[in-house]
Amino acid sequence: MTQATDTYEEPWVVEDKGFSTRISGKLLVHCFIVVFLGFIGGFVWLIALADDVFHILPLPKFEISVPDEPELLRNAHTGPIMNAMYVMAMVVMSPRLFFSVRQAKWVYYWAIILLWGNTIGYSTAVYAPERGLQPTAEWPNVVSYGTFYLAVVGAVITTGICLKGAMDAAKR
C-alpha cells in the first residue's frame, strides 16, 4: 500500500514578505545553533582568562586545560555570534530586498556556508599554527583556511545580492 504524498512545495519567497516562513525558519535554525556554539566558545575563553579554572558557585572548582590563545578563543566566541547576527539581519530585511527565487536560493545556501565556514574556521584556528591564514600542511590549518575561504565567498555573494536588492529598493 502506498501512502499519498503532498506535492505542494512551499515557495522560497512570498511577495512583499521576503523569504517564506519555512525558509526563514530553516535559516534561523542555523543562526541560533551557531550563536549557541559561540556561547560555548565564550565559556572556553572565560576559562582561559581565569588561568584554566572553571568555578561557578556552588559547584566545586574544576581545572580545565584550554589552549593559551586568548585572542583566538575570543574570536571563537564573538565571530560565530556576529556572523549569525548578520544572517539574521538578512532574514529580517528580506521583505525589503525583493529577492527573486533564484536570489533567495543563493542567499540561503551561501549564508549557511558563511555561518558554518566561519564557525568551523574560528574553532579550528585556535589549534592552527598559522591561525588559518595560510594554507600550510597541518590539518587544523588546512581546515581553518579552507572553511574561512568558503565563508568569505559566501559573505561576498550574500552581501552582493543584498546590496543589489537594497539598490533596487532605493530606486522604487
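If you're wondering where the values come from, they're calculated on a predicted model, not measured in any experiment.
- Ring orientation note: the planes of Phe19 and Phe99 are tilted relative to one another, at an angle of 30° to 60°.
- Residues Ile112 and Leu27 meet the side-chain proximity criterion, which asks for heavy atoms closer than 4.5 Å.
- Here the straight-line distance linking atom SG of Cys31 with atom NZ of Lys26 works out to 14.0 Å at 0.5 Å rounding.
- Phe43 and Met82 fall into different hydrophobic clusters, where Ile, Leu, Val, Met, Phe, Trp and Tyr residues are linked whenever their side-chain heavy atoms come under 4.5 Å apart, directly or through other members.
- For Val13 against Ala104, the heavy-atom pair with the smallest separation is CG1-CB, 3.4 Å.
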| task | Please report the C-alpha distance between Tyr122 and Phe148 in whole Å, then the side-chain angles of each, then the deciding distance to 0.1 Å, and finally whether the ring-ring contact (aromatic ring centres under 6.0 Å, His included) criterion is met. | result | CA-CA 8 Å; Tyr122 284 123; Phe148 276 145; 5.1 Å; yes
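- Side-chain contact between Trp110 and Leu114 is absent, with no heavy-atom pair separated by less than 4.5 Å.
- The line from CG of Asp51 to CD of Glu63 is 10.0 Å long, rounded to the nearest 0.5 Å.
- The cluster map of Ile, Leu, Val, Met, Phe, Trp and Tyr, joined by side-chain heavy atoms under 4.5 Å apart, puts Val126 and Val142 in different clusters.
- Leu163 and Val156 are members of different hydrophobic clusters when ILVMFWY side chains are connected at heavy-atom separations under 4.5 Å.
- The main-chain N or O of Pro11 is found under 3.5 Å from a side-chain atom of Ser20 such that the two form a donor-acceptor pair.
- Looking at Ser24, its side chain never comes within 3.5 Å of a backbone N or O of Thr21 through a donor-acceptor pair.
- Listed here is the closest heavy atom pair of Val91 and Ser94: O-OG, 2.9 Å.
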* Would you sort out whether Val153 and Ile113 count as a side-chain contact (heavy atoms from CB on, under 4.5 Å), showing the intermediate values? => CA-CA 9 Å; Val153 172; Ile113 291 168; over 6 Å; no
For ring-ring contact (aromatic ring centres under 6.0 Å, His included), just list the numbers for Tyr109 and Trp12, CA-CA rounded to whole Å, side-chain angles, deciding distance to a tenth of an Å, and then say yes or no. CA-CA 12 Å; Tyr109 289 115; Trp12 279 80; 5.7 Å; yes
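- Expressed to the nearest 0.5 Å, how far CH2 of Trp116 lies from OG1 of Thr147 amounts to 12.0 Å.
- Using a 4.5 Å heavy-atom cutoff, the side chains of Val87 and His30 are not in contact.
- Atom OG1 in Thr78 sits 9.5 Å away from atom CG in Asn83 (nearest 0.5 Å).
- Checked by atom type and distance alone, the side chain of His77 pairs as donor or acceptor with a backbone atom of Gly38 at under 3.5 Å.
- With contacts defined as side-chain heavy-atom distances shorter than 4.5 Å, the pair Val34/Phe39 does not qualify.
- Atom-to-atom distance recorded for Leu73:CG and Ser123:OG is 10.0 Å, nearest 0.5 angstrom.
- Ion pair Arg172/Asp168 not flagged as a salt bridge, since none of the NZ, NE, NH1 or NH2 atoms sits closer than 4.0 Å to an Asp/Glu carboxylate oxygen.
- Taking hydrophobic clusters as Ile, Leu, Val, Met, Phe, Trp and Tyr residues chained together by side-chain heavy-atom distances below 4.5 Å, Trp139 shares a cluster with Ile120.
- Contact check for Glu71 versus Arg74: side-chain heavy atoms found under the 4.5 Å cut-off.
- Side-chain polar atoms of Tyr86 and Thr159 form a donor-acceptor pair below 3.5 angstrom.
- Judged by distance alone, with hydrogens and angles left aside, the side-chain atoms of Ser144 form a donor-acceptor pair with the main-chain N or O of Gly121 at under 3.5 Å.
- Under the 4.5 Å side-chain heavy-atom criterion for ILVMFWY residues, a single connected hydrophobic cluster contains both Leu72 and Trp45.
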#### Entry: Evaluation steps, side-chain contact (heavy atoms from CB on, under 4.5 Å), between Met88 and Phe32
CA-CA 9 Å; Met88 287 177 182; Phe32 284 112; 3.5 Å; yes
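- Distance check: Leu37 CG to Leu115 CG gives 10.5 Å after rounding to the nearest 0.5 Å.
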